[in-house]
Amino acid sequence: MGIHRLNHAVLFVRNLERSIAFYRDVLGFRLIPMTPDNFRGAAFLQAPGSTNDHDLGLFELGAAAGPSGAGRTTVGLYHLAWEVDTLDELEATAQRLAEAGALSGSSDHGTTKSLYAHDPDGLEFEVVWLIPADQLDDTALAARKRIGRLDLAKEKQRYGGQTRGGVGISRAV
């Protein structure tokens, strides 16, 4: 089996409309009209610039649903990671997440520059920019063994705000 990427994720949420608004207004996802007429409590969204049929499915459980215990009291998924094309986009995303009160941290993983945030139900996700393959060097590769503080201004100075990340790693050259 030749898996080559994640096509979509499906999340259980308490309030469908609240979750749609968050992913639409903060991350730019758009609602895809593909929910069957006889099925209530679900929505499908597509990330900006995506060629997937949909990138995110949301299924409503209702207000009585408890928080996820994954990683604390149960096994389960820790987080999803979405990739952006440029450091300028990562910076703009950080600002939107902070304004929404959803940004919980950031990290420099050497070859990847990451933001961490929580959706309205507390589900964690990551937004990441990857150093292009042709710009990887020994310093960036060695830094994968640690988690450092993300300095976006420094990274933009080094790689440029409009440099497309992931070229040769997550997308064809």
Near Asp138 CG, under 6.0 Å, is it more than 12 heavy atoms from other residues, nucleotides or ligands? no
Just wondering, are more than 12 heavy atoms of other shown residues or ligands nearer than 6.0 Å to CG in Leu141? yes
Between Ile147 and Ile131, is there a shared hydrophobic cluster once you connect ILVMFWY residues whose side-chain heavy atoms come closer than 4.5 Å? no
Can you find a pair of side-chain heavy atoms, one from Leu150 and one from Glu155, that are under 4.5 Å apart? yes
How would you list, by chain and number, every residue that makes a ring pair (Phe, Tyr, Trp, His ring centres under 6.0 Å) with His118, sequence neighbours excluded? none
Test of understanding: with side chain to side chain donor-acceptor pair (under 3.5 Å), list the residues that count as partners of Arg30, not counting sequence neighbours. Gln46
My understanding is that only residues two or more places apart in sequence, or in another chain, count here; which of them pass salt bridge (Lys or Arg N to Asp or Glu O under 4.0 Å) with Glu89? none
Taken in chain and number order and not counting sequence neighbours, the residues that satisfy salt bridge (Lys or Arg N to Asp or Glu O under 4.0 Å) with Asp137 are Arg158
With sequence neighbours left out, the residues meeting side chain to side chain donor-acceptor pair (under 3.5 Å) with Glu17 are none
Quick one: list whatever passes side chain to side chain donor-acceptor pair (under 3.5 Å) with Asp25, sequence neighbours left out. none
Side chains of Leu97 and Leu27: closer than 4.5 Å at any heavy-atom pair? yes
Please step through side-chain contact (heavy atoms from CB on, under 4.5 Å) for the pair Trp82 and Glu126, ending with a clear verdict. CA-CA 6 Å; Trp82 286 298; Glu126 178 180 1; over 6 Å; no
Heavy-atom side-chain contact between Leu45 and His54 under 4.5 Å: no
Contacts of Asp151 meeting salt bridge (Lys or Arg N to Asp or Glu O under 4.0 Å) (sequence neighbours excluded), chain-then-number -> Arg149
Kindly compute the distance separating OG (Ser104) from CG (Leu115), expressed to the nearest 0.5 Å. 9.5 Å
Which heavy atom of Pro120 sits nearest a heavy atom of Arg18, and at what distance? CB-NE, 3.3 Å
May I ask you to test the Leu56-Leu11 pair for a side-chain heavy-atom distance under 4.5 Å? yes
Give me each pair satisfying side-chain hydrogen bond (donor to acceptor under 3.5 Å, both in side chains) with a member in residues 6-15, each pair once, sequence neighbours excluded. Asn7-Asn52, Arg14-Asp121
What residues, two or more places apart in sequence or in another chain, satisfy ring pair (Phe, Tyr, Trp, His ring centres under 6.0 Å) together with Tyr23? Phe29
Per the ring-ring contact (aromatic ring centres under 6.0 Å, His included) rule, what does the pair list look like for residues 128-153, sequence neighbours excluded? Trp129-Tyr159
Does the pair Val128 and Val84 meet the rule for a side-chain contact (heavy atoms from CB on, under 4.5 Å), with working shown? CA-CA 6 Å; Val128 63; Val84 294; over 6 Å; no
Name each donor-acceptor pair under 3.5 Å that joins a side chain in residues 59-70 to protein atoms two or more places apart or in another chain, with its distance.
from: Glu60; atom 1: OE2; to: Leu16; atom 2: N; distance (Å): 2.8
from: Ser68; atom 1: OG; to: Ala70; atom 2: N; distance (Å): 3.2

Mark yes when over 12 heavy atoms from residues, nucleotides or ligands other than Arg40 sit less than 6.0 Å from its CZ; otherwise mark no. no
Does the side chain of Leu58 come within less than 4.5 Å of Phe12's, by heavy atoms? no
Would you say Val127 and Leu90 make side-chain contact, with heavy atoms under 4.5 Å? yes
Run the numbers on Glu99 and Gln95 for side-chain hydrogen bond (donor to acceptor under 3.5 Å, both in side chains), then give the verdict. CA-CA 6 Å; Glu99 289 169 0; Gln95 183 175 348; 3.1 Å; yes
Nearest heavy atoms of Gly160 and Leu87, plus distance in Å: O-CD1, 3.9 Å
Rounded to the nearest 0.5 Å, how far does CZ of Arg96 lie from CG of Leu103? 11.5 Å
Between the main-chain N or O of Gly148 and the side-chain N or O of Asp108, is there a donor-acceptor pair closer than 3.5 Å? no
Look up atom CD in Gln162 and atom OG1 in Thr86, then write down how far apart they are to the nearest 0.5 Å. 5.0 Å
Filter on ring-ring contact (aromatic ring centres under 6.0 Å, His included), then keep only pairs touching residues 88-116, sequence neighbours left out; what's left? His79-Tyr116
